[in-house]
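See below for the structure under consideration.
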2 protein chains.
Amino acid sequence: MSVSVAANDSRVLLRLEEFLPYRLVILSARTSNAVARIYAERFQLTIPQWRIIATLGQYPVCTGRDIALHGMMHKSTVSRAVAALVKRGLLRKEPNAYDMREEHLRLTDEGRAIYEAVVPQARAFEEEITAAFDPAERKEFIRLIEKLDAHTRKLAPDHDPDA
Amino acid sequence: MSVSVAANDSRVLLRLEEFLPYRLVILSARTSNAVARIYAERFQLTIPQWRIIATLGQYPVCTGRDIALHGMMHKSTVSRAVAALVKRGLLRKEPNAYDMREEHLRLTDEGRAIYEAVVPQARAFEEEITAAFDPAERKEFIRLIEKLDAHTRKLAPDHDPDA
DNA sequence: CACTGTTCGTTGACAGTGCAACCAATCTGC
DNA sequence: GCAGATTGGTTGCACTGTCAACGAACAGTG
């Protein structure tokens, strides 16, 4: 801030660097960019694509709707990302005979291989960043994050349009 | 996840809901969306636009470059947001006689009025979310966030292209 | 059976963003 | 002073995400 000569002396002043929502954004952007590099560079996956693979790695069969809810994504985002993954052969769509509106999604072997290649690296990265903490701090941080998460979820329910 | 019948039984498994980077993204998205509503609905400001106003509220005179660094934004993002704000009369550009490449930016009275209208609401919102904590927890949370922030900054330096 | 309302998924239009190329002003070394 | 490198800022382009509208498949009602 080379140019600024003095801070605002008004009573109304917000220090952005100390504003919690801003801090969270910065922190999450940095970590999430770093994680994205893991699967973006080596496997050419976008963030929504990775989230879909991650969800299907965890729950082998889902509908698009399930994935959208689980990954906080818009259904159109999911739709396009799924299309791209199917085209690349990482995902398969299977019609659901009991409800022809929805389609069951499942990883192909190739898709699962990517999942299994990325997961250990993601885990390692998580280790790396939480190495900032000693064990007690780490546990406490998780606890506080959970508490904050639950609280904000009540305050600002994730806007669910119809998704 | 109505359809999934069983969790993956492979040794390679990542629980997305417990993956720290993912949690941070979700948490920060929710809080930052809630904050955005404050200035988006009433004042039609985008996030970069608000960050610029917030920076100039704190440091009355800056260059675009200063703002980009301070707010973790790309210089093109700043350039466009500044243009929009100037057009709306919330910001003024002033040539710097000592270096004609850069332009000094300053809030107009109208711009400052918006800043002063938003800040108390932003503060109030911060209060609201940290109400999840008792005073000791709040202090500890800030401390841990700072520690994590410092650590990740070393690990994954904010990609600075030339900005 | 229609008739209405809802849900899953796709698609077109649109806005915001990042990247890269670019211009103009400045600085550096010769 | 001049050539080349550097820096602040703008802009064209491609890419994504969001929103709104839509078609198709269900579910409930009379």
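What you see below is based on every heavy atom in this structure, not just the backbone, and it leaves out hydrogens, waters and symmetry mates.
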Quiz item: Between B:I67 (CD1) and D:dG8 (P), how many Å, whole number?
Solution: 13 Å
Find every protein N or O atom lying less than 3.5 Å from an N or O atom of nucleotides 24-26 of chain C, and list the pairs.
| unit_1 | atom_1 | unit_2 | atom_2 | d |
| --- | --- | --- | --- | --- |
| C:dA25 | O3' | B:M100 | N | 3.4 |
| C:dT26 | OP1 | B:M100 | N | 2.7 |

Self-check item: Side chain A:R51, main chain A:G71, donor-acceptor under 3.5 Å
Solution: yes
Please output the side-chain donor-acceptor pairs of residues 84-92 of chain A that fall under 3.5 Å, not counting sequence neighbours, one pair per line with the distance.
| unit_1 | atom_1 | unit_2 | atom_2 | d |
| --- | --- | --- | --- | --- |
| A:R88 | NH1 | A:F43 | O | 3.2 |
| A:R88 | NH1 | A:Q44 | O | 2.9 |
| A:R88 | NH2 | A:F43 | O | 3.0 |

Exercise. Can you sort out the partners of A:E128 under side chain to side chain donor-acceptor pair (under 3.5 Å), two or more places apart, ordered by chain and number?
Key: none
Practice problem: Applying side chain to side chain donor-acceptor pair (under 3.5 Å), name anything that partners B:R42, two or more places apart in sequence or on another chain. | Solution: none
Quiz item: Does any N or O in the side chain of B:R23 come within less than 3.5 Å of the main-chain N or O of A:E146, such that one atom is a donor and the other an acceptor?
Solution: no
Quiz item: Can you check side-chain contact (heavy atoms from CB on, under 4.5 Å) on B:I142 and B:T130, steps first, answer last?
Solution: CA-CA 10 Å; B:I142 296 296; B:T130 54; over 6 Å; no
Quiz item: What integer distance in Å separates B:M73:CE from D:dT10:C1'?
Solution: 16 Å
Quiz item: In whole Å, what is the span from the NZ atom of B:K87 to the C1' atom of D:dT10?
Solution: 15 Å
Quiz item: Any salt bridge between B:E102 and B:R65, counting N to O under 4.0 Å?
Solution: no
Exercise. Quantify the bending of the helix from C:dC1-D:dG30 to C:dC30-D:dG1 as the angle between its end axes, each fitted on five pairs, to 10°.
Key: 10°
Quiz item: Between A:L14 and B:A122, which heavy-atom pair has the shortest distance, and what is it?
Solution: CD2-CB, 4.5 Å
Quiz item: Separation of A:R51 atom CZ from D:dT16 atom P, in whole Å?
Solution: 15 Å
Quiz item: Given the rule in the side-chain contact (heavy atoms from CB on, under 4.5 Å) test, do B:T46 and B:R80 qualify, once you have shown the distances and angles that lead to the verdict?
Solution: CA-CA 11 Å; B:T46 65; B:R80 282 187 254 259; over 6 Å; no
Quiz prompt | Whole angstrom value for the distance that separates C1' of D:dT16 from CG of A:L85 | solution = 15 Å
Quiz prompt | Nearest-angstrom distance from the residue atom CD of B:E102 to P of C:dC23 | solution = 21 Å
Quiz item: Quick check, are the ring centers of A:H70 and A:Y59 under 6.0 angstrom apart?
Solution: yes
Quiz item: Taking atom P of D:dT10 as reference, at what distance in whole Å does atom NE2 of B:H74 sit?
Solution: 14 Å
Quiz item: Take atom CG in B:D109; do more than 12 heavy atoms of anything else shown fall under 6.0 Å from it?
Solution: no
Exercise. Take nucleotides 10-16 of chain C nucleotide by nucleotide from the 5' end and write B, S or -, depending on whether a protein heavy atom sits under 4.0 Å from the base, only from the sugar-phosphate, or from neither.
Key: BBBB--S
